[in-house]
Amino acid sequence: MKENHMSSIEMTTTFADQSMRETAQAILRANDRGGYTVPSAKLYPFQWNWDAGITALGWMCFDEARAWQELDSLFLGQWENGLVPHIVFHQPADSYFPGPEQWGLTHRTPPTTSITQPPLLATMVRLMRDRAKDNGLAKERIATLLPKLIATHHWWSRDRDPENTGLVVSYHPWESGMDNSPAWDVPLAAVPPTQREYHRRDTQHVDAAQRPHKTEYDRFVYLLDLFRDLKFDAARIYAECPYRVVDFGTNAILLRATNDLADLCEDAGLPDEARAQRARAEHMRQAFALLWNDDLRQYVSLDTRTGKQLVVPAHATFLAAYARVYDGPSATQQFALLERWIGQARFSLASLRPDDAAFEPQRYWRGPVWPHINWMIAEGCAHYGRNDLHDRLCADTRTLIAEKGFYEYFNPLTGEAYGGAAFSWTAAIILHWVLES
Ligand code: DGY
């Protein structure tokens, strides 16, 4: 059965805040596999990196010990070099492709993938600290997590920016978390399709029209095989991977996390590390000039194989607000752009500008609204004093989830719900943001 059919948890959803709160908590409890939360029961039956960070924010609203445990569980998969993998395979499950055996890392305990995801963990830890009622527990958990966060930030600088440009590269569209964004169409076309057979599982759970195309999966699989064949060697992958992209979203999220990590280091009495992180953040911020596109008047990603910008109007540009990149005039201009963009669809925020030729309102990252990205952008709007935009994003997120259920993503034109049902980060965003705003 497709996950689009309402589960019993979904059917309890009503407009009332209390009911939304209870439903969101019930979803997190139902998706709890004993210390880690699966994003959605069948579609994503393991622990994902950026899902875990956002899901921990949701747990923090009603079970602080469980929230910290989410991150402890994720870091069980951290590599010796600092990489936090994009999936940690704590327990076997056969409803997902590509599972642990595909990545060539079943000898690890727990097995993991060999790629990462948008680095938001330091920011989530900082937000969890700010929300904590049990400050003793927060201090104790942060003391354990901090060296691991520092190690992952050093890994980003060392392995993903070996030429010290200030911008980190991604080797797989899955690392962006925005798997099939039209921004990756050009660099992905340079990747050969795999010649081996494989069997997707995602389209057994969700309508294929809401998921990436086979042409994309052929290249997703080619890349994961390549990393295994190159023995996960950072220098060889940097030199040989045909897909090497500076993703604006990842860099914005990393910039924000680097400043948050610096704050955590200061609090913990690590002034040298805090200074180093601030210097790195400043280097990154200056390098963002390379990602500005004058025609679109927004930030875009960059294909480092060709040196060309990926000129696509993707909503990742507005993560610049979350990253605190704007000065006064650029904030005014970017928020005017955001207003125009919001005006093009009934529900904000479409992941691709709706008048773009590649816009598909139902296909994953090629148009749909994503609740957690709405939160990140709205948080940035509020930081710059644009509470009107914050409130609009929040109201649309609430309406979509209240009316359609706790789904993964939504059609910006009709509000139709798509992807995984009873979705963990959708529940977390309701708890952490929508019900608190
Ligand atoms: C998937 O399998 O669709 C995931 O997004 C990969 O992380």
Side-chain angles (χ1 to χ4, degrees), residues 2-4 31 36-55 74 77 83-90 92-103 105 110-121 170-184 188 191 194 198-228 243 245 247 249-250 253 314 316 351 360 362-368 370-373 407-409 418-421 423-426:
K2 305 270 184 198
E3 292 207 11
N4 266 8
N31 287 342
Y36 72 94
T37 315
V38 297
S40 186
K42 290 235 164 52
L43 185 60
Y44 304 120
F46 308 106
Q47 189 180 32
W48 261 256
N49 177 333
W50 72 328
D51 292 74
I54 293 187
T55 300
L74 182 72
L83 163 82
V84 183
H86 108 288
I87 305 176
V88 181
F89 300 109
H90 294 285
D94 60 10
S95 62
Y96 180 79
F97 171 88
E101 63 296 336
Q102 303 283 329
W103 295 87
L105 287 161
T112 69
T113 62
S114 64
I115 59 173
T116 190
Q117 260 187 334
L120 46 65
L121 297 172
S170 302
Y171 296 128
H172 195 298
W174 285 346
E175 294 202 309
S176 72
M178 305 185 184
D179 305 8
N180 66 338
S181 166
W184 321 138
L188 205 54
V191 175
T194 187
Y198 62 91
H199 299 289
R200 285 174 69 169
R201 297 291 166 84
D202 57 322
T203 45
Q204 291 170 354
H205 312 304
V206 169
D207 192 321
Q210 300 165 23
R211 294 286 304 174
H213 288 289
K214 178 178 185 308
T215 47
E216 287 149 347
Y217 259 80
D218 286 350
R219 288 159 177 87
F220 295 164
V221 171
Y222 175 91
L223 288 169
L224 76 88
D225 287 346
L226 176 72
F227 306 140
R228 193 187 52 233
Y243 181 97
V245 167
D247 160 30
T250 294
I253 288 169
S351 43
E360 287 184 86
Q362 87 299 343
R363 196 179 296 282
Y364 214 36
W365 290 93
R366 300 179 81 88
W370 288 78
H372 68 301
I373 301 290
Y407 280 85
E408 189 180 4
Y409 47 102
Y418 301 130
F423 211 84
S424 291
W425 68 18
T426 305

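Being a predicted model, the structure only gives us computed values, none of them experimental. In listed order, ligands and their atoms are each counted from 1.
- Protein heavy atom at the shortest distance from atom 3 (O) of ligand 1 is R211 NH2, 2.7 Å.
- At the top of the distance list for atom 7 (O) of ligand 1, counting protein heavy atoms only, stands H86 NE2, 2.8 Å.
- Of all protein heavy atoms, the one closest to atom 4 (C) of ligand 1 is D179 OD2, 3.4 Å.
- Y44 and D202 share no side-chain donor-acceptor pair at under 3.5 Å.
- Relative to the six-membered ring of Y364, R211 meets both conditions, a distance below 6.0 Å and an angle of at most 45° to the axis.
- The aromatic ring centres of F227 and W174 sit 6.0 Å or more apart.
- Using a 4.0 Å cutoff on heavy atoms, F97 does not count as a contact of ligand 1.
- Taking the centre and axis of the six-membered ring of Y243, the NZ or CZ atom of R219 falls outside the cone set by 45° and 6.0 Å.
- Any N or O atom pair closer than 3.5 Å counts here, and W174 shares no such pair with ligand 1.
- Aromatic ring centres of H172 and F220: separated by under 6.0 Å.
- Remark: the D247 side chain and the S170 side chain contain no N/O donor-acceptor pair separated by less than 3.5 Å.
- Taking every heavy atom of Y364 and a limit of under 4.0 angstrom, the matching atoms of ligand 1 come to 3 (O), 5 (O).
- At the top of the distance list for atom 2 (O) of ligand 1, counting protein heavy atoms only, stands Y96 OH, 2.6 Å.
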